[in-house]
Amino acid sequence: MNRVLIRNGHIIDPANNVDLVGDVFITDGKIAKVGGNHTENADHVIDATYLTVTPGLIDMHVHLREPGFEHKETIATGTAAASGGGFTSVVCMANTSPVTDSPDRIKRIYEIANSKSVQLNSVTANVFPVGSITKNLAGEELTDIRSMLSAGAVGVSDDGVTVMNSALMCEALKLSAEFDFPVMVHCEEHNLNAGAVMNLGETSRKLNLVGSPNAAEDIIVARDIMLAELTGGHVHILHVSTAGAVELVRWGKQRGVNVTAEACPHHWILTDTEVEKQGTNAKMHPPLRTQRDVDAVLEGLCDGTIDAIATDHAPHTPSEKALGMKDAPNGIIGLETCIPLVITYLVETGHLTLNEAIAKLTNIPAKIVGLDRGTLSIGAVADITIIDTQKTAKVDIDKSYSKSRNTPFDGWQLKGWSVMTFQKGIQNKRTPTDGTNKG
Ligand code: DOR
């Protein structure tokens, strides 16, 4: 029997309303005891005095790029970045090549994630794939969603593009009502944001760049909430960025619609003025918006309208990002900066308690995608994150575990970092700033 004792930590387990100082005892990869002081013999003892012990964090929105775009990221490097950043589970999107749009391709992601080369590379994070809503992300024909669910898909998403055909969305949501899985939607009306490379506003006019209006996002958010109401399906709104989207999700919840939502750190910290300073490292879809939108997203996080925090970790290589605002791909990496951004900009500022923030990274995303993770319940898999909420350090992106370097947060001084994780009771000592990938 392998016994691990994490001693004297500040244990926060929102799923069980646990917030106390004490020990966590792990036997054979499962949570055996939480709280109190343990005298049992352990093979391995970790002193967590002054540290915060939480269920392993879950990022419900990442792009691991494998198969097909291994020059940007692989499942090995992406999960290394995840565990370095304090995440023990990631949900990966379907815009791989080939697109993850069949049961075999779902199985393939699990095979790679569980393969020796990935496991040897690291104590990896758990990988849970979503399948696409439409074949080849083309928006024309529904995938075989039921078979993908049987193969282990935790939801469906065409993330990166919007399913513009409302009838198809309706079909996907009908299936969701029947088989209970989230339809995770990227909300941008393609005709309205055609050619857009940033938010439409003062900065886009100043830089003479094509901008996307908030309405492009709001229209699809409204449509998909209405379709969820019509069908009884579960719609999950990915990366909320506008004040209107927050208002619409709030409205949907008030009406009793099965709608959940997530927001990414960049959308509640940065505005579109960042594009002027950071260029393509501030280019993503949906784009950075205005202060009014940032404030609304923060309010949505505070009042529970926005259920979860996710990163939309979207690796792209330096040469791709060097193509300039018009041609560079959308997205930024986020796995290693998420926790310190949450603690510095949500917890230290008083927007959320540490408990509320941890819930948005553990039991809430677990519930949305139906995972038996994100909890320290007795008998649960011992996925654990240990955070030093007082540690202050600078983001040094050259030390990232990711293959890519595209972040607007490089050099930022942040407080509150993951110091280690456990996956199935096995310790991983990576921290976000000690990677060795050269990009
Ligand atoms: O900025 C983005 N990048 N948004 C998305 O929805 C997709 C992602 C990517 O795959 O690069």
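Just so we're clear, the structure is a prediction, and the values are computed from it rather than from any experiment. Along the sequence shown, the residues carry numbers beginning at 1. When a ligand or atom number is given, it counts from 1 through the structure's own listing order.
Interface of M284 with ligand 1, defined as ligand atoms under 4.0 Å from a residue heavy atom, comprises 1 (O). Contact atoms of ligand 1 toward A314: 3 (N), 8 (C), 9 (C), 11 (O) (distance under 4.0 Å to a heavy atom of the residue). For ligand 1 and H186, the ligand atoms under 4.0 Å from any heavy atom of the residue are 5 (C), 6 (O).
Close to ligand 1: H316, with a non-hydrogen atom less than 4.0 angstrom away. The closest approach between R65 and ligand 1 falls below 4.0 Å for a heavy atom of the residue.
When non-hydrogen atoms are compared, ligand 1 lies under 4.0 Å from the side chain of H239 (C-beta onward) but not from its backbone. With a heavy-atom cut-off of 4.0 Å, N95 touches ligand 1 through its side chain alone. Looking at H63 against ligand 1, only its side chain comes within 4.0 Å, counting heavy atoms. The proximity of D312 to ligand 1, defined as any non-hydrogen pair under 4.0 Å, is limited to the side chain.
Not less than 6.0 angstrom separates the ring centroid of H266 from the ring centroid of H239.
There is no side-chain donor-acceptor pair under 3.5 Å between S402 and S400. H316 and K321 share no donor-acceptor pair across their side chains, judged by distance under 3.5 Å alone. Looking only at atom types and distance, the side chain of H63 has no donor-acceptor partner in the side chain of E73 under 3.5 Å away.
Atom CD1 of I364 is separated from atom CD1 of I358 by 11.0 Å, given to the nearest 0.5 angstrom.
Taking atom 2 (C) of ligand 1 as the reference point, the nearest protein heavy-atom neighbour is H285 O, 3.5 Å. In terms of protein heavy-atom proximity, atom 3 (N) of ligand 1 is nearest to N330 O, 3.1 Å.
In this structure, E320 and K72 have side chains that are in contact, with non-hydrogen atoms separated by less than 4.5 Å.
Ligand 1 has no nitrogen or oxygen under 3.5 angstrom from a nitrogen or oxygen of P286.
Between the side chain of S404 and the backbone N or O of N406, no donor-acceptor pair lies under 3.5 Å.
Residue-environment remark: CG (D144) exceeds the threshold of 12 foreign heavy atoms within 6.0 Å.
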